[in-house]
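Numbered from 1 within each chain, the chains take letters A, B, ... in sequence-line order.
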Amino acid sequence: MALLDIARMRIEFASRRGTLVAVDGVSLSLDRGEILGVVGESGAGKSTIGNAVIGLLEYPGRLAGGEVHLDGQRIDTLSESDKRKVRGRRIGMIFQDPLTSLDPLQTVESQLVETMLVHLDLSHAQAQQRAVDLLRQVGIDQPELRVKQYPHQFSGGMRQRVVIALALCCEPEIIIADEPTTALDVSIQAQILDLLRKLCKEKQVGMIIITHDMGVIADITDRVAVLYRGKLVEQGPTAKILGNPDHPYTRSLISAVPRPDIKLRRFPLVTYIEDVKTPVKPMDIATHWLGQRRDFGEHVDGPLVQVQDIGMRFVLKSAFLVRHRRTLDAVKQVNFSIAQGEVFGLVGESGSGKSTVARLISGLYTPSGGSVIFNGTNLTTLKDEKRMNAFRRQIQMVFQDPFSSLNPRMRVLDIVAEPIRFHKLADNEAQTRSIVSDLLDVVGLGASAASRYPHEFSGGQRQRICIARALATRPRFLICDEPTSALDVSIQAQILNLLKDLQEQLGLTMLFISHDLPVIRQMCDRVGVMRHGELLEVADTETLFKSPQHEYSRHLLNLMPQLQAMSRESLEIEATTV
Amino acid sequence: MIARLAPLFARAADSDLWYSFKRTPSAVISAVITLVIVVGALCAPFIAPHNPFDLASLNIMDANTPPAWNPEGTTDFLLGTDDQGRDILSAILYGSRVSLFVGFASVLFSMVLGVSLGLISGYVGGRVDSIIMRIADVQLSFPAILIALLIDGVARGLLPRDMHDQLALYVLIFAIGISGWVQYARTVRGSTMVERNKEYVQAAKLIGIGPLTILRRHILPNVMGPVLVIATIHLAIAIITEATLSFLGVGVPPTAPSLGTLIRIGNSYLFSGMWWISIFPGIALVALVLSVNLLGDWLRDALNPKLR
């Protein structure tokens, strides 16, 4: 008999706009020592399943059907107090964000001991001893010392290890890990996944890993279940699902994952995704307003953008006396240049200063040293607002978070028209409106989007609005700061395709910032690798991926998840058939 | 015009706010009471049985008539009369006009002042922020009523007597308004600092839009939610403050009595059995303030999903 058996689970959320079925007839089973991956995009219902299993479904969510058996015992109908005995004792849980899943006011020891005393028949001293043993098992050095510390004294990765120790402390039969590595950098992600796999096999614990990340799935799971809009579309051994999926949704999902190993001209366009209207009328951009009247004046000689010795120092603590001041050099002496029509990538882990570089070039920050030269003009010394505005038109930016980059109180029409009106790029209001609806067509939203408000759109659609706004000044240089890292992988594929198309059609020069190496490989002509505010290496993308020079570049490339995905041949069949 | 407003109404009817309003009985009842008092005050000249300001129509023989259901009362004066023969019901209707006008005007004044200073403080930051916020801190260490008294006293000292009576209402509005701006400024400053760092503001900066337009077009609409909540609760406080000041005799002149003045007039007769002079204006004041407060509470809960 399976350790955990979920049969025909159905979960409903009642709301004023009718009942939403979040999980619809999903059946899963899990054996001892097995790692089951549950994969799907946001809204697929994967976290809801995890919460329902351990009885943490929150109002208005409701288990409307199905059964959950743990080792033969039915657990979904237990009373709340009996559920508490199962939760933590027999089923452990690891949450996404290690920052918020530990109590900041209690030492690690007291959190571990408290949990053990509730569930296990141990004396206080035994529990303390066990807490130290657990920390050692999850790979924390000097556990006797560390156990007395508070969560803020641990780094993100170490904290997630503590959370894992907390999940393990009552020797549960099952661990449910909900996006356990999403909040962590790649190098720490690899360590945590290794640890989870080792613990699972040693202790013969069944583990469910809920994730959106195909790399995690490929790395650690034995079997995979694929969810799409609350329904289980496919499940089977990991190698089979990733290498040769049966269901068209799984195929499109996997083909949307950026390939680390080869550069494709486009992502094979996936049919299964949020309904995007493709441009209603095919447009010849070169003769349209967007492509015309690019009155930026003089021709470009040499690189379009040159960054010279640029530096940015943030003041952490200002004080009258110099020795009391605390500063942080977010960017140190960075040099690079971008040629006209080129896509230049910046890659690095969080805190490497890549976003700061983007803000320095765009003029949102004033550098504390060095200069940005745009087509021969030094922007950092330009004080005159009028002259500056001429350059602002040429440089535009697409931001990371599609939920905060649109003013929620403005209609899409006004958002996209704002730059046109401000720079007086159109002759009259009627022309402005027609330009806006064309722009919305170009980014695949359709002109009807203009009269709606941002909250009516999904993340991917919002990012399309952001792109339309950035294009509305007819820029020649577009900065994309992690434009897809908040998006699901299939939507990421669409947005990246859109950016590629626009870049080609409009001859845009682009600075593309990402932490995701496969995305960089698909998008960029040249790449710079950043760490701790320094630019370590600049190379052609293909050169970097084949023979990285700097040690850190090699390290990053090694950590890149090696997805044993569908073979190249089957991908190319997909690409040509669509 | 109507064609342009129609989608706005459709949006309002579909909004979560309206949905929550319909499902909160206390909010609906409060809204009805507030509406009745406001309409009563606005239409006072048409619906009031007497004109309490027309000294010629007052008859000292009618003085101290009890309410109509009392054996000594007449249906001519439903809620009785005061010591000068003024009809209490009419005085309440006219008095709530004064109270509501002072309330709304001083809230508007506080709001404009507080929101502007809060926006500047939060957006500019640095030294400007420190100065504005320290002034706010100093003011917070005085009770609001004391500041209002102080300003009224200063105005009395500076203005000639007859001019002061004319301007009394506006001095009162200024005094109550100035004592309330801090709440707005602090709240708006906090929200502005959050909104300022959002990416849509940075996108606007990249377009080249100046700080004033950014504040007006982008930040202001996004910080107004909590401001409306404060304004509603502040309206109740302002009405109370006006009543308190009038009760103390430093508010509006007795020739144009507000609810507070009526309570004060009745106060001296309370123990000689003529309770109606104070009690009815008091009930009107409590009903108005309570329902405005309940509306404010509901608005705060409805706009803050965390409290649901």
Side-chain angles (χ1 to χ4, degrees), chain A residues 15-17 59 318 355 358-359 361-365 385-411 414-423 425 451-456 462 465-466 469-470 472-473 475 478-479 481-482 486, chain B residues 3-4 6-8 10-24 123 125-127 129-130 191-228 302-303 305-308:
Chain A
S15 81
R16 57 177 284 221
R17 309 212 183 267
Y59 181 82
S318 59
S355 287
R359 282 165 164 70
I361 297 176
S362 66
L364 284 174
Y365 294 163
E385 270 298 308
K386 275 226 175 79
R387 287 199 60 202
M388 193 62 209
N389 274 345
F391 286 99
R392 286 209 175 98
R393 261 185 56 202
Q394 303 184 38
I395 307 174
Q396 281 295 308
M397 194 158 164
V398 176
F399 295 92
Q400 173 175 1
D401 180 5
F403 292 92
S404 84
S405 52
L406 297 172
N407 185 342
R409 307 269 166 180
M410 281 166 78
R411 281 182 306 165
D414 296 315
I415 290 173
V416 180
E418 189 169 35
I420 304 176
R421 290 177 185 152
F422 180 79
H423 290 292
L425 297 179
S451 58
R452 292 155 72 190
Y453 285 81
H455 71 88
E456 297 170 59
R462 282 163 182 243
I465 300 172
C466 294
R469 172 179 60 192
T473 61
L478 189 65
I479 302 171
D481 185 4
E482 304 257 14
Chain B
R4 283 192 61 170
L8 211 67
R11 244 167 76 82
D14 195 44
S15 70
D16 291 338
L17 211 59
W18 178 244
Y19 179 80
S20 137
F21 180 76
K22 283 189 296 185
R23 267 154 195 75
T24 317
Y123 193 76
R127 195 155 294 170
D129 178 36
S130 302
S191 326
T192 304
M193 286 165 83
V194 173
E195 298 297 322
R196 178 184 68 179
N197 291 324
K198 287 207 176 151
E199 288 169 348
Y200 71 88
V201 174
Q202 302 190 353
K205 281 187 193 164
L206 278 187
I207 293 170
I209 293 174
L212 280 179
T213 316
I214 288 183
L215 279 177
R216 185 170 49 78
R217 192 185 297 163
H218 292 280
I219 294 183
L220 183 63
N222 286 297
V223 300
M224 279 313 275
V227 168
L228 288 182
L303 290 180
K306 276 186 203 152
L307 284 176
R308 261 183 220 156

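- Listed by chain and number, the residues in a ring pair (Phe, Tyr, Trp, His ring centres under 6.0 Å) with A:Tyr365 are A:Phe314 (sequence neighbours excluded).
- Only the side chain of A:Asn389 comes within contact range of chain B, with heavy atoms under 4.5 Å apart.
- Looking at heavy atoms from C-beta onward, B:Glu199 lies out of side-chain contact with A:Met397 at the 4.5 angstrom threshold.
- Proximity to chain B is absent for every atom of A:Met388, based on heavy atoms less than 4.5 angstrom apart.
- A donor-acceptor contact shorter than 3.5 Å is absent between the side chain of A:Glu418 and the backbone of B:Ala204.
- What you find for A:Arg392 and B:Gly208 is that their closest heavy atoms are CD-CA, 3.4 Å.
- For a residue to count as touching a neighbouring chain, one of its non-hydrogen atoms must lie under 4.5 Å from one of that chain's; by this rule A:Phe399 touches chain B with backbone and side chain alike.
- With chain A as the partner, the residue from B:Lys205, B:Lys198, B:Gln202 showing the most heavy-atom pairs under 4.5 Å is B:Gln202.
- Using a 4.5 Å heavy-atom threshold, the side chains of A:Leu364 and B:Leu206 count as touching.
- Minimum heavy-atom separation, B:Tyr200 to A:Pro408: CE2-CD, 4.3 Å.
- At distances below 3.5 Å, at least one donor-acceptor pair connects side-chain atoms of A:His423 with backbone N or O atoms of B:Ile207.
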